[in-house]
Protein chains: 2
Amino acid sequence: MKPMGTIPADFAGAPLVIAGRSAEQWVDVAGDTPLFVYDVAAVARRVARFRAAFAGVDLHYAIKANPFPPLLAAMAPLIDGFDVASAGELARVTGLKRGQAISFAGPGKRHDEITAAIQAGITINLESESEAARAIAIGDRLGIVPRLAVRVNPDIELRGSGMRMGGRASPFGIDADRAAAVAVEVIEEGAEWRGFHIFAGSQALDADAIIETQAETLALAARLSEQVGVVPPLVNLGGGFGIPYFPGETPLDIERIGAALAERCAALPAALGATRFAIELGRWLVGEAGVYLTRVVDRKHSRGETFIVTDGGMNHQLAATGNLGTVVRRNYPVAVATAGPDAPTEIVSVVGPLCTPLDRLADRVELPRAEPGDLVAVFMAGAYGLSASPAGFLGHPAPAEILAGAPDVTNVIFTSPQA
Amino acid sequence: MKPMGTIPADFAGAPLVIAGRSAEQWVDVAGDTPLFVYDVAAVARRVARFRAAFAGVDLHYAIKANPFPPLLAAMAPLIDGFDVASAGELARVTGLKRGQAISFAGPGKRHDEITAAIQAGITINLESESEAARAIAIGDRLGIVPRLAVRVNPDIELRGSGMRMGGRASPFGIDADRAAAVAVEVIEEGAEWRGFHIFAGSQALDADAIIETQAETLALAARLSEQVGVVPPLVNLGGGFGIPYFPGETPLDIERIGAALAERCAALPAALGATRFAIELGRWLVGEAGVYLTRVVDRKHSRGETFIVTDGGMNHQLAATGNLGTVVRRNYPVAVATAGPDAPTEIVSVVGPLCTPLDRLADRVELPRAEPGDLVAVFMAGAYGLSASPAGFLGHPAPAEILAGAPDVTNVIFTSPQA
């Protein structure tokens with residue numbers, strides 16, 4: 001038997017209830033399995049918790065974590081800004097926030113993407129010196145003053161983060177020793193300089209590591225601002241707030257991080273005197289709010305092991321099968337959504353319908369006995385789930401996505417697998 | 001510097017030529033970057049090589065490797081059968097081959113999938129005893145005699161294969177000690193028994209390992225057939241033929257495998273006297289025939305390293321970034337498609353446009369110097385490429401796919417990312 005991660009408290013009941021409805025009721029709404037259900041109230045509670053812990057700090061949502069349109073619409077009034085990573089993502093948030101509240105980060109922005117961003121009046125986080133020159137040139141040609149921030153590749157590493165994005169050679173941002181010069185150039189060329197974007201890593205669960213990184217980030221921002229000689233309107237401190245996917249991991253103490261940040265913000269140098277700060281989060285806001293539901297199609301025994309075969313798998317939830325950015329496969333939390341609290345348990349592996357050994361949702365975990373027709377829930381499915389999965393792989397139908405707790409819960413959108 | 005895999009001989013020239021056209025000419029056909037080009041002549045040469053090496057053995061194509069419809073249409077007359085893994089894949093080959101030439105493998109076949117398969121008259125490779133019972137019951141209800149083969153989970157392990165699928169507890173197939181009993185039940189229930197499907201692994205480059213596995217597979221098929229007491233019409237020996245992706249890997253000597261198989265087939269026991277044999281291949285037929293082309297958008301320096309940033313990456317070619325079934329990331333073969341043979345080289349990393357460190361197509365490789373506007377080719381893109389990638393991730397446009405060398409080379413199909 002192998003352990004699995006802890007089921008989020010919102011969904012710890014048996015049988016499973018999501019936003020007041022049973023798993024089968026959500027299947028009825030969707031019309032079929034598999035499906036994703038995102039609990040908008042769980043997202044709103046995350047936002048409220050952030051607000052309480054980080055008074056005066058802007059909250060940005062990085063839509064790459066989950067770009068489901070009804071979710072974006074529901075989040076728009078709750079947050080201060082969206083961060084997008086492509087022209088396609090920009091199109092999804094257009095109309096939900098004014099341009100000033102949207103920023104665009106990502107290496108390799110194409111000419112048409114920079115053009116769309118400038119026309120929409122959003123902030124471009126510059127990833128390289130040549131991108132700065134291109135954005136200024138395109139703004140000139142369009143006759144629009146571009147809004148430009150400098151993304152910094154910091155001399156800072158976020159300890160213990162799932163993905164380190166600082167402290168090394170990087171495709172992201174401008175090395176710290178060149179960042180001030182690029183900001184000066186942006187200002188001298190007549191663009192609207194929006195400040196700095198400093199992102200040191202993501203998916204960290206160690207509050208001390210984030211506190212330390214935020215302190216270093218503030219110090220770096222102060223140093224760079226002094227070099228520029230202009231107070232930056234906004235410093236995006238990045239995110240890095242992780243969620244506990246795996247056995248032994250525990251939730252992040254964001255209140256402690258907020259208290260430490262408030263202390264530092266009360267004693268800022270003049271170079272950051274009038275600066276607003278933003279924290280940009282994706283996974284932490286939406287990851288735990290999503291549940292992937294899939295129907296048991298078969299149960300079989302092979303050489304002493306029991307397999308529960310479901311109608312959904314790595315084609316919709318690639319990360320849960322250990323195939324996205326993980327080296328050693330570990331078990332996400334899963335449950336038999338239709339089983340009561342006293343159901344007898346057994347040791348099983350849960351596999352999807354794809355004809356590859358990679359398609360394993362849970363490896364030798366203890367679960368209530370499941371029969372064909374039961375529903376299996378895979379938790380932590382709200383971020384980097386469907387949009388980060390190869391939905392067309394092996395030609396299975398697209399899953400439904402549902403925003404639960406929204407005014408119109410019949411708002412079901414089927415995503416299209418590849419034509 | 002790190003090594004990369006060897007560029008397939010068909011594409012080893014500089015600048016790159018695919019099916020008689022330059023990379024820029026293919027971009028013109030597609031209208032934009034990124035794009036996939038599949039060289040149908042390269043696939044046809046693979047088929048011819050198989051035919052020469054395996055006279056009298058049927059060749060099946062597992063479309064999961066690449067389900068691009070024009071490719072399927074071009075391959076249909078060249079091969080003996082298609083293997084599909086879902087009702088969606090079945091729909092793609094319907095009309096291209098008669099039902100008898102199509103088989104359907106995969107765990108967790110849904111009721112509607114089994115129904116569609118029986119109605120289409122294709123062979124269902126049974127993955128479990130309960131699936132056998134369901135297929136028989138559905139056939140009864142439909143009043144159609146179902147065509148059923150027994151997929152065996154063999155007591156055989158394909159040494160050195162990239163994915164082992166035998167010799168262990170498995171969601172695939174019926175354990176060897178139960179397989180004959182299920183075949184007997186299928187026959188007694190009045191279904192049309194099509195034989196056995198025995199798949200021990202995939203992506204092997206060691207001819208001796210495959211020869212040994214095929215010998216064990218034949219022996220297992222003979223033993224099972226004796227137990228059934230009926231000669232199976234067909235035994236699908238599986239595939240397992242790998243292609244060399246990485247540094248130090250060499251192509252598989254299929255001629256030696258074919259000679260060894262012919263020798264064994266000349267001395268078969270009576271239990272397999274009138275049996276046809278099939279080999280089911282995916283990757284080996286199409287993998288090397290595909291090239292992914294992406295445009296350089298930026299080049300940047302960070303802390304002493306140089307990054308070439310392209311407009312395509314892990315969203316289209318997940319496996320090349322090391323995020324699909326690989327533990328240690330190694331470099332696929334890549335090239336600057338627009339560079340001549342004498343271009344000066346440099347050490348660079350090639351990264352895609354996604355705002356994640358996972359999006360790296362090549363890590364510190366030696367390439368001709370590339371500037372924005374140049375094209376980068378990622379080879380080995382014909383199998384488990386676009387269809388196995390999260391095309392909607394971060395909202396970039398869908399790439400074009402082109403079948404090169406087909407009668408109508410303007411046959412461009414844009415795949416749809418998630419709506």
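Chain naming here is simple, since letters A, B, ... match the order of the sequence lines and numbering starts at 1 in each.
- Of the possible donor and acceptor atoms, none in the side chain of Ser302(A) sits under 3.5 Å from a partner among the backbone N and O of Pro171(B).
- In this structure, no portion of Thr294(B) lies under 4.5 Å from any heavy atom of chain A.
- Val309(A) touches chain B through its side chain: at least one heavy atom from C-beta onward sits under 4.5 Å away, while N, CA, C and O do not.
- Glu113(A) touches chain B through its side chain: at least one heavy atom from C-beta onward sits under 4.5 Å away, while N, CA, C and O do not.
- Looking at Met314(B) and Leu324(A), their side chains come closer than 4.5 Å, going by heavy atoms from C-beta outward.
- Judged by distance alone, with hydrogens and angles left aside, the side-chain atoms of Asp175(B) form a donor-acceptor pair with the main-chain N or O of Arg303(A) at under 3.5 Å.
- The greatest number of non-hydrogen atom pairs below 4.5 Å with chain A, out of Ala85(B), Gly322(B), Ser128(B), Pro107(B), is found for Pro107(B).
- The distance from the CG atom of Leu394(B) to the CD1 atom of Ile63(A) is 8.5 Å, given to the nearest 0.5 Å.
- Put simply, the side chain of Lys64(A) reaches to within 4.5 Å of the side chain of Cys355(B), judged on heavy atoms.
- The closest donor-acceptor contact from the side chain of Lys300(B) to the backbone of Gly173(A) lies under 3.5 Å.
- Side-chain contact between Arg178(B) and His301(A) is absent, with no heavy-atom pair separated by less than 4.5 Å.
- Comparing Arg329(B), Glu131(B), Arg134(B), Arg299(B) by heavy-atom pairs within less than 4.5 Å of chain A, the highest count is held by Arg134(B).
- Only the backbone of Leu354(A) has a heavy atom closer than 4.5 Å to any heavy atom of chain B.
- The CG atom of Asn315(B) sits 11.5 Å away from the OG atom of Ser387(A) when rounded to the nearest 0.5 Å.
- Separating the CG atom in Leu318(A) from the CG atom in Asn323(B) is a distance of 8.0 Å, to the nearest 0.5 Å.
- Here Ala169(B) is the residue among Gly108(B), Gly88(B), Ala169(B) with the most heavy-atom pairs under 4.5 Å with chain A.
- In this structure, Asp298(B) and Glu127(A) have side chains that are not in contact, with every pair of non-hydrogen atoms separated by 4.5 Å or more.
- Residues Arg110(A) and His396(B) fail the side-chain proximity criterion, which asks for heavy atoms closer than 4.5 Å.
- Salt bridge status for Lys109(B) with Asp311(A): absent, with no side-chain N to carboxylate O gap under 4.0 Å.
- Contact annotation: the side chain of Phe172(A) approaches that of Pro357(B) to within less than 4.5 Å [non-hydrogen atoms, C-beta and beyond].
- Atom OH of Tyr384(B) and atom OG1 of Thr356(A) lie 7.5 Å apart (nearest 0.5 Å).
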